[in-house]
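As structure tokens, the structure follows; a few thoughts come after it.
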Protein chains: 2
Amino acid sequence: MARFKGQAAYSVDAKGRVAIPAKMRNALTPEAQGTFTLTKGFEKCIYAYPQDGWKVKEDEYSQLNVNNRKARHLVRMILMWAEEVSLDGQGRISLPRSLADYAGIGDRALIIGAMDRIEIWDPEAFEAYLQEQTMDQESLAEEVMGF
Amino acid sequence: MARFKGQAAYSVDAKGRVAIPAKMRNALTPEAQGTFTLTKGFEKCIYAYPQDGWKVKEDEYSQLNVNNRKARHLVRMILMWAEEVSLDGQGRISLPRSLADYAGIGDRALIIGAMDRIEIWDPEAFEAYLQEQTMDQESLAEEVMGF
DNA sequence: GGAAAACTCCCCACTTTTCCCCACTTTCCC
DNA sequence: GGGAAAGTGGGGAAAAGTGGGGAGTTTTCC
């Protein structure tokens, strides 16, 4: 499965298209077939899963208990915003209006590799997100990874 | 896995390239394939992990739970600055602008071997770092290793 | 129901950046 | 001292990024 890393800012053209960084395109496995599934991120951004990685996510959701009201709601919320997009000849995808609006994306987008997914942010929204995060990286690493 | 040691100062050319000392290049295992992953160091410098060493780090991060807010943040902070670079025919790598800026690197760079990684410093920033460290080496060794 | 607008998915064209290769200088080491 | 390896610099081809045209389809709205 592809592992994404790095970050770069790209322009979003009048047609709502953004380039996916070449480094991330090259990290895609052939199984992904140049296709991503986009969904709402937990933060104010768009998550883009390569097709093969999304399959795994779907399997996880399908194992949730349908008899649990909260689980049903979660699956709805995630799937209702999911949309499949493919790279065009120039290595771009087009952002669905609804998701771009949710993430507050205008004519620039910040693209961040985050392991199994790519995140697409409005540059200013990302700045704001960073401001909210108070914990320094060393303490965070200590708490999360526990050493 | 490679173990790096020693230090040397090199020039950074107009294209942002620095030579990796031959001694460190020779210490690389074939598995590294002449490739490094660069990230922000905890101090004001760039960390360069050989590809095989970085793989181990990445495996740790991939096991973090994406449904945990702090874990998501940590992965973002680490991976967004991570960039893969390869040695060119002359044994150089090119420093991404963003990381060079973070480390304050201009036209000279100090390259230091630090076990499983290489550190790339601005010579003056390293001087300043040394000034800040007040504890002498003997007491340091006692505190860190003398249990 | 039909025209206009919007959207999608192909292209092609241009600019900028990256990277690969060649050449020269310096250092190292026998 | 001489050859090889290491370090430094730059030119040019190829790739990446950006913008737009236009055909075909769908949606909107009168």
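Below, all heavy atoms of this structure are taken into account, side chains as well, without hydrogens, waters or symmetry copies.
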- [ ] Using a heavy-atom cut-off of under 4.0 Å over every strand shown, decide if Ile93(A) touches base, sugar-phosphate, or nothing.
- [x] nothing

Open item on the list: Both Arg92(A) and Lys15(B) contact DNA chain C. Which one's nearest nucleotide lies toward the 5' end?
Closed with: Arg92(A)

Open item on the list: Tell me if the side-chain of Gln90(A) makes a donor-acceptor pair with the base of dC9(C), cut-off 3.5 Å, by modelled atom types.
Closed with: no

Task: Residue whose nearest DNA chain D nucleotide is more 5′ - Asp88(B) or Tyr10(B) - done: Tyr10(B)

Task: Residue mapping more 5' on DNA chain C - nearest nucleotide basis, Leu87(B) or Arg97(A) - done: Arg97(A)

TODO: Measure the spacing between CD of Gln133(A) and CZ of Arg69(B) and express it to the nearest 0.5 Å.
DONE: 7.0 Å

Task: Atom-pair distance (CG on Asp13(B); C1' on dC19(C)), nearest Å - done: 12 Å

- [ ] Go through dT18(D), dG9(D), dA6(D) for me and flag the one nearest to the Ser11(A) side chain.
- [x] dT18(D)

Open item on the list: Please tell me whether Tyr102(B) and Trp81(B) form a close aromatic pair, meaning their ring centres lie under 6.0 Å apart.
Closed with: no

TODO: Provide, to the nearest angstrom, the distance between the NZ atom belonging to Lys23(A) and the C1' atom belonging to dG17(D).
DONE: 14 Å

TODO: State whether Ser94(B) places a side-chain N or O below 4.0 Å from either non-bridging phosphate oxygen (OP1 or OP2) of dT17(C).
DONE: no

Open item on the list: Could you check whether any side-chain N or O of Arg72(B) sits under 3.5 Å from a backbone N or O of Val66(B), counting only pairs where one atom can act as donor and the other as acceptor?
Closed with: yes

- [ ] Answer yes or no: side-chain N or O of Arg17(A) and base N or O of dG20(D) forming a donor-acceptor pair under 3.5 Å.
- [x] yes

Open item on the list: Nearest whole Å is fine: how far is dC9(C) P from Leu95(A) CG?
Closed with: 13 Å

- [ ] State the NZ-CD distance between Lys5(A) and Glu84(B), to the nearest 0.5 angstrom.
- [x] 4.0 Å

